Amino acid sequence: MGLKEKSSDLRRRMRSALKGGGEKAIEKQKAIGKLTARERIITLLDPKTFHEYDLFVEHAAKDFDMDKKYLPGDGVLTGTGTINGHPVCIFAQDFTVAGGSLGWMHAKKITKIMDHALKLKIPLIGINDSGGARIQEGVNSLAGYGEIFFRNTLASGVIPQISVILGPCAGGAVYSPALTDFVFVVDKISKMFITGPEVIKTVIGEEISMEELGGARVHCEITGNAHFYAESEEECFNQIKKLASFIPWNNSQKAARFPKKSPKTRQYKLENIVPDDPKEPYDVRDVIKALCDDSDFLEVQELFAQNIVIGFARIDGHTVGIVANQPLVLAGVLDVDSSDKAARFIRFCDAFSIPLVTLVDLPGYLPGVDQEHAGVIRHGAKILYAYSEATVPKITLILRKAYGGGYIAMCSHHLRADFVFAWPLAEIAVMGPEGAANIIFRKEINSAEKPDEMRKLKVEEYKAKYANPYVAAAFGYIDAVVEPEESRKMLIHALEISNQKNINLPFKKHGVPPF
Ligand code: HXC
């Protein structure tokens with residue numbers, strides 16, 4: 001055969017491989033609103049940048065008549081391309097081929113592209129759509145998963161890893177996404193669980209639908225396993241592109257700097273957002289938008305543990321990670337889930353050189369038997385650990401309340417914030433005036449002729465003395481008390497001068513955080 005014939009043989013082979021599981025299987029997927037694996041990659045990446053590898057990989061399984069089955073590409077596409085001009089490695093499982101199930105060669109394709117990502121130090125994106133371990137390949141499928149989990153762990157903190165769940169992701173398969181940095185899900189399409197409804201029914205007799213067990217909303221609102229929720233695959237890909245614009249390619253680079261833009265100050269006026277009364281709620285996202293470039297804030301885990309808000313924004317063109325108490329939900333308290341949510345985000349930012357801006361307004365940790373028994377001590381400690389070990393620039397702005405453990409936990413100077421600013425409204429104390437007066441003036445209140453009046457008096461006395469930022473400022477725990485409208489200027493300057501921050505923690509193999 002000459003080159004001409006060999007080229008036409010190549011094209012024939014390619015046509016056959018590109019068919020995936022065939023038209024019928026593709027139609028079945030389309031009917032439930034799914035794109036094909038190849039369409040997904042092409043839609044997500046910059047136009048014409050997808051370069052596919054290992055198209056001709058085939059499985060080598062023999063048992064259960066597998067030797068008679070041709071599985072194009074062994075049910076997964078792998079390759080490289082760009083997003084917003086930045087290189088990425090990508091894989092997408094093809095459900096039309098044996099349900100995207102993971103056999104040994106399928107896993108080898110994934111681990112090969114993962115190795116590329118780690119070697120080339122570029123982000124890894126995995127699109128998961130699979131029935132899990134390929135049952136016919138037995139322990140080799142489990143081995144494949146193990147090899148993937150190991151690499152997820154090795155790559156953690158070196159390159160950003162993004163998981164997109166666009167179909168079933170069942171059994172141990174869920175642990176690869178769980179080890180990655182960000183998990184994207186789409187309504188009605190994504191399903192994640194360790195054991196499905198049928199197994200649950202057989203083993204413990206409970207009946208539940210797949211959607212209720214592990215649908216997109218469940219993982220965004222209840223479990224916190226997913227970070228971004230979309231109504232359609234297209235919306236999901238746009239979210240990924242946006243995230244990619246905020247983060248660096250790897251841990252030895254900084255995120256790209258963008259031209260600076262002013263916040264939309266007509267829409268977001270700080271003096272109109274935060275009420276004077278420390279008990280009145282407001283949406284802290286409006287404060288974030290009043291402070292960041294173009295009022296553009298990409299919220300992460302928007303639907304989970306909403307008493308804390310985390311996400312990416314830019315200040316003066318630089319990406320920052322924002323952590324903010326949300327007075328709109330549970331008065332912005334810290335609890336099991338919000339500590340967990342914030343701690344992981346702080347560690348991501350620290351691993352990828354993204355400065356942290358913390359906005360504080362909270363009454364402390366949430367009291368209650370439920371929280372104590374759910375392990376608020378252990379989970380609450382995560383945020384202390386994450387802030388303490390973070391060596392990126394850390395800038396804190398206390399908006400209103402900062403009471404008790406909450407004051408310390410929300411990146412106080414004691415956890416090595418580089419700068420702590422406070423508004424004149426700020427109250428930094430062990431607890432709120434009512435609680436404090438009830439305890440320290442108990443005798444006077446109880447023995448007074450009119451206890452209620454005495455209580456009021458003592459509360460006012462306490463407020464006048466301690467419910468302000470000046471006691472903390474007198475000890476140097478606050479670097480500057482600033483008017484709200486000065487805040488952005490202060491943040492810009494603080495970020496600018498901490499740009500070259502480079503500190504080392506004491507030598508250790510690694511710490512032992514409370515997880
Ligand atoms: C081999 C599989 C498969 C699997 C699906 N298929 N899952 N083949 N191994 N795990 C095949 C089906 O046989 C079928 O092949 C094709 O994929 C499409 O599957 P359907 O069942 O027709 O699709 P659908 O009705 O949409 O149902 C999708 C599904 C269901 C809900 C995912 O297939 C399912 O429940 N699969 C098993 C899920 C599961 O229990 N996985 C856990 C495995 S154990 P044909 O030839 O008919 O088209 C595991 C442990 C890993 O993952 C541990 C790692 C630590």
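Predicted model, so just to flag it, every value in this text is computed and none were measured. We count ligands from 1, going down the list as the structure has it; atoms in each ligand are counted the same way.
Residue contacts with ligand 1: A98 is included, with a non-hydrogen atom under 4.0 Å away. For the pair E198 and ligand 1, no heavy-atom separation below 4.0 Å is found. Between K28 and ligand 1 there is a heavy-atom distance shorter than 4.0 Å.
For atom 39 (C) of ligand 1, the nearest non-hydrogen atom from the set G167, G21, G131, S130 comes from G131. Proximity annotation for atom 55 (C) of ligand 1: of F149, F193, Y175, F149 comes nearest, heavy atoms only. Considering E137, M210, Q136 only, the shortest heavy-atom separation from atom 1 (C) of ligand 1 involves Q136.
A donor-acceptor contact closer than 3.5 angstrom links the side chains of T223 and H219. The closest side-chain donor-acceptor pair between Y365 and H379, if any, does not fall under 3.5 angstrom. Side-chain N/O atoms of S338 and D335 include a donor and acceptor closer than 3.5 Å. Side chains of Y387 and S412: no donor on one and acceptor on the other come within 3.5 Å. For the 3.5 Å distance criterion, the side chains of E302 and H227 fail to qualify, holding no donor opposite an acceptor. Side chain to side chain, D283 and Q326 meet the donor-acceptor criterion of an N or O pair below 3.5 Å.
The shortest contact between atom 46 (O) of ligand 1 and any protein heavy atom is with K69 NZ, 4.9 Å. At the top of the distance list for atom 32 (C) of ligand 1, counting protein heavy atoms only, stands P168 CG, 3.7 Å. The single protein non-hydrogen atom nearest to atom 3 (C) of ligand 1 is S101 CB, 3.9 Å, given as residue, atom name and distance. Nearest protein heavy-atom contact of atom 50 (C) of ligand 1 is G172 N, 3.7 Å.
Inclusion of A133 in the set of residues having an N or O under 3.5 Å from an N or O of ligand 1 is warranted. Considering backbone and side-chain atoms together, F95 places no N or O closer than 3.5 Å to any N or O of ligand 1. Residue contacts with ligand 1: I135 is placed with a nitrogen or oxygen under 3.5 Å of a nitrogen or oxygen of the ligand (distance criterion only). At a 3.5 angstrom cut-off on N or O pairs, G99 counts as close to ligand 1.
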Could you walk me through whether D9 and K6 pass the salt bridge (Lys or Arg N to Asp or Glu O under 4.0 Å) test, one step at a time?
CA-CA 5 Å; D9 176 51; K6 289 203 170 179; over 6 Å; no

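Interface atoms of ligand 1 facing L142, defined by a heavy-atom separation under 4.0 Å, are 51 (C), 53 (C).
In this structure, F182 has its ring center closer than 6.0 angstrom to the ring center of F348. Aromatic rings from F345 and F312 are positioned such that their centres are separated by under 6.0 Å.
Neither the backbone nor the side chain of V199 comes within contact range of ligand 1; no heavy atom lies under 4.0 Å.
Within a 6.0 Å sphere centred on CZ of F64, other residues, nucleotides and ligands contribute 12 heavy atoms or fewer.
For atom 48 (O) of ligand 1, the nearest protein heavy atom is 4.0 Å or more away.
Here D129 pairs with R40 in a salt bridge; the nearest charged N to carboxylate O distance falls below 4.0 Å.
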